[in-house]
Amino acid sequence: MRSAEERRAAATDRGYGIALNASLALAILLTGSRAGLAQSGGASLHGWVAFENVAYVDKQARAKVVLQHDPPDSGPTYSTETDEHGFFEFSHTSLGRFKLEITAKGFQRYSADVYISSDFAGNWAVQLKVEPPSTKSP
């Protein structure tokens with residue numbers, strides 16, 4: 001016959017075993033769900049636009065940000081505007097080749113080729129240069 005102390009120790013060991021098995025099962029489930037999310041096919045692009053000769057603490061200009069499939073008719077075009085701090089976001093885009101264009105009044109146009117693959121989560125930082133003065137003669 002076992003003593004009360006031995007029965008208590010055996011029950012505690014079983015409890016730890018059950019808890020360990022439950023923890024392992026949970027870890028396996030979570031790992032599997034992360035793998036499923038990691039291959040979701042979704043993509044996003046976030047960025048920040050700075051403006052030459054404008055301090056971050058000053059009022060920022062707004063820039064138009066366009067992400068267009070390349071060639072243009074091969075998919076949707078995404079468009080947004082920077083917020084008051086110069087940030088922009090395309091939280092979900094399709095996949096493929098794109099032309100990224102950023103424009104703001106008084107600044108030179110910025111353009112870049114971007115390839116967005118499955119599960120791409122890119123960050124883009126750009127400084128727009130001041131547009132040079134016009135050299136038209138009278």
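Just so it is clear, the structure is predicted and the values come from calculations on it, not from any experiment.
- Although no hydrogens or angles enter the test, the distance criterion places no donor-acceptor pair under 3.5 Å between the side chain of Glu101 and the main chain of Lys64.
- Trp124 and Tyr115 fall into different hydrophobic clusters, where Ile, Leu, Val, Met, Phe, Trp and Tyr are joined by side-chain heavy atoms under 4.5 Å apart, directly or via other members.
- The nearest pair of heavy atoms linking Pro71 to Arg97 is CD-NH2, 4.0 Å.
- Looking only at side-chain heavy atoms (C-beta outward), Trp48 and Asn123 stay at 4.5 Å or farther from each other.
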Quiz prompt | Residue pair Tyr78, Phe98: steps toward the side chain to side chain contact (heavy atoms under 4.5 Å, CB included) verdict | solution = CA-CA 10 Å; Tyr78 305 94; Phe98 290 87; 3.9 Å; yes
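- Interatomic distance, CD of Gln127 versus CD of Gln108, reported as 11.0 Å (0.5 Å rounding).
- Put simply, the side chain of Gln60 never gets that close to the backbone of Gly86: no donor and acceptor are under 3.5 Å apart.
- When every heavy atom of His69 is checked against every heavy atom of Pro76, the shortest pair comes out as CD2-O, 3.0 Å.
- When only modelled atom types and interatomic distance are considered, Tyr110 and Thr103 share no side-chain donor-acceptor pair under 3.5 Å.
- A salt bridge is defined here as a Lys NZ or Arg NE, NH1 or NH2 lying under 4.0 Å from an Asp or Glu carboxylate O, and Glu84 with Arg62 meets this definition.
- Cluster membership check: Val66 does not share its hydrophobic cluster with Leu45, using side-chain heavy-atom separations under 4.5 Å among Ile, Leu, Val, Met, Phe, Trp and Tyr.
- Annotation: side chain of Phe90 is in contact with side chain of Thr80 (closest heavy-atom distance under 4.5 Å).
- Remark: Phe107 pairs with Phe51 by the ring-ring contact (aromatic ring centres under 6.0 Å, His included) rule, at least two apart or across chains.
- Closest approach of His46 and Glu89 over heavy atoms only: CE1-OE2, 3.1 Å.
- Side-chain contact between Gln68 and Ser79: absent, with no pair of heavy atoms (C-beta onward) separated by less than 4.5 Å.
- Listed here is the closest heavy atom pair of Val49 and Ala63: CG1-CB, 4.4 Å.
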Quiz item: Given Leu67 and Thr93, is the side chain to side chain contact (heavy atoms under 4.5 Å, CB included) satisfied, shown in steps?
Solution: CA-CA 9 Å; Leu67 191 61; Thr93 67; 3.9 Å; yes
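- Between Asp113 and Lys99, at least one side-chain N (NZ, or NE/NH1/NH2) sits under 4.0 Å from a carboxylate O, which counts as a salt bridge.
- Side chains of Ser44 and His92: a donor-acceptor N/O pair is absent below 3.5 angstrom, by distance only.
- The two atoms that bring Ala61 and Thr82 nearest to each other are O-OG1, 4.0 Å, heavy atoms only.
- Contact detail for Leu95 and Ala43: the closest heavy-atom pair is CD2-CB, 3.8 Å.
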